[in-house]
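Remarks on the structure that follows.
The sequence lines fix the lettering, A, B, ..., with proteins before strands; numbering per chain opens at 1.
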Protein chains: 2
Amino acid sequence: MFSIGQLSKQTGVKVPTIRYYEQVGLLVSAGRTEGNQRRYDKDGLERLGFIRHARDLGFSIEAITALIDLQQHPDRSCQQATEIAQHQLTDVREKLLRLKALETELVRIADGCDGEGNSDNCYVLASLADHQHCRGEH
Amino acid sequence: MFSIGQLSKQTGVKVPTIRYYEQVGLLVSAGRTEGNQRRYDKDGLERLGFIRHARDLGFSIEAITALIDLQQHPDRSCQQATEIAQHQLTDVREKLLRLKALETELVRIADGCDGEGNSDNCYVLASLADHQHCRGEH
DNA sequence: CTTGAAGCTCTAGTCACTAGAGGTTGTAGA
DNA sequence: TCTACAACCTCTAGTGACTAGAGCTTCAAG
């Protein structure tokens, strides 16, 4: 049996975050000692590991809730889990595209200036003021 | 002179967002009609355009406040503006790296499953449960 | 002069935590 | 067995950048 602090150390999830996960229903309410402190078993450890991993991969709390739900109903099709993962992948790819465009634009802006003028003729400020300067869309 | 709605249409920034920008000090308080409605001139339009563009590039409100501050003090060095932009670029590049790693991992997870099993032997769920499956770090 | 779209302020909600106050419990050492 | 104190508890509020809604007022066209 682990205390919340031990669970925290083993998973790398902060103590208040674990309590938060319980509050929003991601983690099932833990058992308590007589003095009302949470105690976890191996099962709780694994569940939190799952959540941690999924959060690291950018899944929303909502998506993780759905995944855990699927886990607990082995009769349901695995297809739904795959769909959630595919959706997350699409999401990540969209963000990647957007960030790549931002990078291009920022390189143009940030490297276009030698930093030696004053802000009256600053290339950075001028670029931000005038969208026309941009090559791409955003 | 524009109303807040006209300003919104011209810049693509939503009306409540314009009010929010004023509230947090990003936009100087607009002049008002006798009936207390905001009125903007060309200057306000340009300032909002600047903010919009910078937000689109992912600059924080704080960073934009600093940039506007620099704009209003033409005696100050342009170097600070360049530094802010460089910082933003570094930030974007970090996010890009992270997202690329996520993409790789998600491709492995989401495409590794044919979606035809049940959640008992689902590759997606197994991968999320066990960090060992991962090739990279995250 | 009427009507209704657009404006106003203020409060609260979003997501996923994080911080802090103020009190209680568990456990190691004396 | 006692004591000290780290770790725990609950509750509220704050973060960033908005967004939504209630309830009211003003503007401008017909």
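One finds no side-chain N or O of S3(A) lying less than 4.0 angstrom from the OP1 or OP2 phosphate oxygen of dG26(C).
Protein atom CD1 of I64(B) is 13 Å distant from nucleotide atom P of dG16(D), rounded to whole Å. Following rounding to the nearest Å, Q6(A) (CD) and dA7(D) (P) show an atom-to-atom distance of 11 Å. Summarising the geometry, the separation between CG on L57(A) and C1' on dA16(C) is reported as 16 Å, rounded to the nearest angstrom. Atom pair I51(A):CD1 and dC17(C):C1' shows a separation of 14 Å (rounding to whole Å applied). For K9(B) and dA5(C), the NZ to C1' distance is 10 Å, given to the nearest whole Å. Between E62(A) atom CD and dT14(C) atom P the separation is 12 Å, expressed in whole Å.
L57(B) places a side-chain heavy atom less than 4.5 Å from the side chain of L128(A).
Contact between A30(B) and Y40(B) at its shortest, heavy atoms only, is CB-CE2, 3.4 Å. Residues S127(B) and I109(B) come closest through the heavy atom pair CB-CG1, 3.6 Å. Considering every non-hydrogen atom in both D56(B) and R98(A), the closest pair reads O-NH2, 3.2 Å. Shortest non-hydrogen contact noted between V13(A) and Y21(A) is CG1-CE1, 4.0 Å.
Listed by residue number, T33(B), G35(B), Q37(B) are the residues of residues 29-48 of chain B with a heavy-atom contact under 4.0 Å to DNA chain D. Across residues 12-26 of chain B, K14(B), T17(B), Y20(B), Y21(B) each have a non-hydrogen atom less than 4.0 Å from an atom of DNA chain D (numbered order).
Side-chain atoms of Y123(A) and R108(A) form a donor-acceptor pair, as typed in the model, at a separation below 3.5 Å.
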TODO: Please assess H53(A) against E105(B) for the test side chain to side chain contact (heavy atoms under 4.5 Å, CB included), listing each intermediate value before the final yes or no.
DONE: CA-CA 11 Å; H53(A) 194 185; E105(B) 175 66 7; 4.1 Å; yes
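When hydrophobic clusters are built by joining Ile, Leu, Val, Met, Phe, Trp and Tyr residues whose side-chain heavy atoms come closer than 4.5 Å, directly or via intermediates, L89(B) is not grouped with L97(A).
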